[in-house]
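Notes for the one structure printed next.
Indexing begins at 1, ligand by ligand and atom by atom, following the structure's order.
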Amino acid sequence: MYADLKIKRDVYGTEEHQMLRETIREYLKQHVLPYREEWEEQGFCSREAWLKAGELGLLNISLSEAYGGGGLDFSFSALLIEEMSRAFADSPGISMHSDIVGPYIERYGSETLKQKYLPKMATGEAIGSLGMTEPSTGSDVQAIQTNAVDKGDYWLLNGSKTFITIGYTSDFTIVACKTRPNTPQQGISLLVVDADSEGFSKGKPFKKIGLKTSDTCELFFEDVKVPKENILGEEGKGFIYMMTELPRERLTIALQAIGACEGAIEDAIKYTSERTAFGQPVAGFQNTQFKMAEMATKLQIHQVFVDKCTELLADHKLTAEQASMAKFSATDAQFEILDTCLQLHGGYGYIWEYPIARAFADSRVARIYGGTNEIMKVMIARRLFSGYYAQLKAKRKAAMAN
Ligand SMILES: Cc1cc2nc3c(=O)[nH]c(=O)nc-3n(C[C@H](O)[C@H](O)[C@H](O)COP(=O)(O)OP(=O)(O)OC[C@H]3O[C@@H](n4cnc5c(N)ncnc54)[C@H](O)[C@@H]3O)c2cc1C
């Protein structure tokens with residue numbers, strides 16, 4: 001049996017982890033999966049699903065109890081992310097809200113901001129999104145053009161963002177903007193902008209090839225007056241904060257990949273054992289057996305590495321490069337595994353009502369968002385060649401001095 005083959009995962013080893021797993025499965029069964037088609041049609045999921053998640057303690061799991069969070073370590077968030085993805089249903093975008101947006105507020109927000117947003121985020125009454133990408137720039141974050149001018153008692157925000165996960169349903173967005181234009185990274189700050197602010201408007205959810213129930217949209221800011229106190233941390237330090245937080249985001253994507261592969265392999269074992277061709281189950285062909293053996297092995301290898309990264313993040317020791325390795329390698333593996341599992345379904349794999357079709361479509365973006373896999377390799381290579389880059393920098397400095 002597949003379960004017997006797998007190395008025991010100590011990272012989720014406690015009774016509390018098991019209880020959480022059961023709560024998530026029940027939540028998905030009752031409050032997410034039955035509504036999936038309706039949400040796909042409208043392009044976003046319902047507020048009720050968020051409120052229910054809040055009621056069951058599934059939001060802000062690893063944030064402080066003092067602000068309504070679960071007070072648990074990151075391994076509990078990791079379990080939630082994987083379980084959702086395993087059921088091919090990260091529909092409500094919980095990981096963006098709880099594991100990306102929430103930590104920004106908790107780490108860099110003033111006491112007033114924490115009190116204002118975190119308890120409501122934990123109940124699902126306030127949904128948060130994060131806006132970095134702009135129509136003209138994604139990978140090159142320092143080139144953003146959205147700007148906020150200091151007007152004494154408020155920031156005057158202008159610009160736009162695109163591809164914002166749960167941007168349409170969110171009640172506030174953390175917006176990366178230049179507060180000191182014409183200076184590169186020093187000029188980026190993070191502002192918390194309420195969705196009902198005058199001058200803040202949203203596009204309709206994009207029609208995407210996958211992740212159809214988690215909305216993605218454009219956000220527009222036209223002379224939005226953002227209260228001065230809505231800045232996260234210090235003015236001009238936004239780029240450093242983003243670089244500090246991105247490893248967590250990248251690990252969440254690797255975890256989604258692990259969950260989706262697990263679900264797809266289990267599904268393919270079942271499907272190929274039942275489906276017959278040439279008088280025998282598809283599982284009886286050596287090709288199927290070899291493919292399944294290869295996929296189970298590949299997943300196992302990635303799972304061990306991602307588990308290690310989860311432990312490192314829980315101990316605040318995960319480096320940007322390790323997170324980049326986890327993100328690009330796990331999502332590349334996800335792409336290959338889901339494609340192979342779909343192939344093993346034959347024509348039915350291409351039909352939307354079959355879980356593998358959805359999972360395949362959902363998985364494609366994993367190599368793009370959270371920083372493309374090419375950018376992950378750029379980051380890893382930069383560390384590998386740090387000596388070379390240091391020399392280059394010194395040469396440039398010397399040339400400028402002459
Ligand atoms: C469904 C979805 C959800 C998203 N959610 C969010 C969100 O919530 N918040 C947010 O801020 N953004 C979000 N994004 C945006 C996402 O992070 C960006 O799309 C991604 O970072 C790539 O940026 P880009 O689209 O501008 O591509 P570009 O930067 O234009 O890149 C185009 C191509 O060039 C390659 N490239 C760029 N630079 C280099 C380089 N130095 N070396 C080699 N190749 C390079 C890229 O890898 C890519 O293949 C989301 C995107 C999608 C599709």
Side-chain angles (χ1 to χ4, degrees), residues 40 43-45 85 90-104 127-146 159-178 188 190-193 195 202-221 232 238-239 241-243 245-250 252-254 256-257 260 320 323-324 327-328 331-332 334-335 358 361-385 389:
E40 279 175 2
F44 57 95
C45 95
S85 198
D90 181 34
S91 313
I94 287 180
S95 62
M96 169 56 74
H97 169 90
S98 301
D99 302 306
I100 298 170
V101 175
Y104 271 101
I127 301 171
S129 56
L130 175 67
M132 293 198 244
T133 307
E134 301 190 352
S136 61
T137 190
S139 302
D140 185 3
V141 181
Q142 293 187 40
I144 58 167
Q145 288 172 10
T146 296
S160 64
K161 296 287 167 186
T162 194
F163 303 137
I164 305 309
T165 299
I166 52 171
Y168 189 75
T169 35
S170 62
D171 300 289
F172 70 91
T173 305
I174 296 175
V175 178
C177 57
K178 290 249 167 93
I188 295 179
L190 302 176
L191 300 183
V192 182
V193 186
K202 298 175 176 186
K204 283 197 182 134
F206 284 123
K207 297 259 178 226
K208 308 194 291 287
I209 63 172
L211 290 183
K212 291 171 190 279
T213 63
S214 141
D215 69 80
T216 309
C217 77
E218 284 179 285
L219 306 177
F220 306 98
F221 311 101
L232 290 181
F239 187 75
Y241 300 152
M242 287 190 280
M243 292 306 114
E245 296 304 310
L246 275 169
R248 180 197 304 266
E249 178 172 356
R250 287 167 183 162
T252 67
I253 297 169
Q256 281 165 6
S324 300
K327 195 264 177 182
F328 102 73
T331 58
D332 277 358
Q334 176 188 19
F335 186 64
R358 244 192 201 103
D362 286 353
S363 73
R364 184 59 185 89
V365 77
R367 292 159 70 217
I368 298 171
Y369 67 9
T372 65
N373 283 8
E374 291 76 27
I375 294 297
M376 298 304 98
K377 292 174 200 173
V378 167
M379 292 189 62
I380 298 161
R382 222 179 259 157
R383 176 53 66 95
L384 291 173
F385 293 103
Y389 281 111

Distance-only polar pair, side chains of Q256 and S95, donor-acceptor under 3.5 Å
yes
Is L211 near ligand 1, meaning one of its heavy atoms is under 4.0 Å from it?
no
Is there a protein heavy atom less than 4.0 Å away from atom 3 (C) of ligand 1?
yes
With a 4.0 Å cut-off, would you call D99 and R248 a salt bridge?
no
Is any N or O atom of T133, backbone or side chain, closer than 3.5 Å to an N or O atom of ligand 1?
yes
Region of M96 engaging ligand 1 - heavy atom pairs below 4.0 Å:
side chain
Nearest non-hydrogen contact with atom 29 (O) of ligand 1 belongs to which option: A143, A176, S139, A381?
S139
Under the ring pair (Phe, Tyr, Trp, His ring centres under 6.0 Å) test, residues paired with F335 that sit two or more places apart
none
On a heavy-atom basis, which atom in N373 and which in A366 lie closest, and how many Å separate them?
OD1-O, 4.1 Å
Shortest non-hydrogen contact from F172 toward V192
CD1-CG1, 3.7 Å
Hey, is ligand 1 close enough to T162 that some N/O pair sits below 3.5 Å?
no
Return yes or no for this condition: an N or O of V378 is under 3.5 Å from an N or O of ligand 1.
no
N or O pair under 3.5 Å between E374 and ligand 1
yes
So, is L130 polar-close to ligand 1, with some N/O to N/O distance under 3.5 Å?
yes
Closer than 4.0 Å to some heavy atom of I375 - which atoms of ligand 1 meet that?
38 (N), 39 (C), 40 (C), 41 (N)
When you measure from the centre of the six-membered ring of Y168, is the NZ or CZ of K204 closer than 6.0 Å and no more than 45° off the axis?
no
Considering the options S214, S129, C217, which one meets the side-chain contact (heavy atoms from CB on, under 4.5 Å) requirement together with T165?
S214
Give a yes or no on whether atom 35 (C) of ligand 1 lies under 4.0 Å from any heavy atom of the protein.
no
Is there a protein heavy atom at a distance of less than 4.0 Å from atom 38 (N) of ligand 1?
yes
Where the closest heavy atom to atom 24 (P) of ligand 1 is concerned, which of S170, G371, G138 has it?
G138
So does E374 pair up with K377, basic N to acidic O under 4.0 Å?
no
For ligand 1, is any non-hydrogen atom under 4.0 Å from T165's backbone (N, CA, C, O), its side chain (CB onward), both, or neither?
both
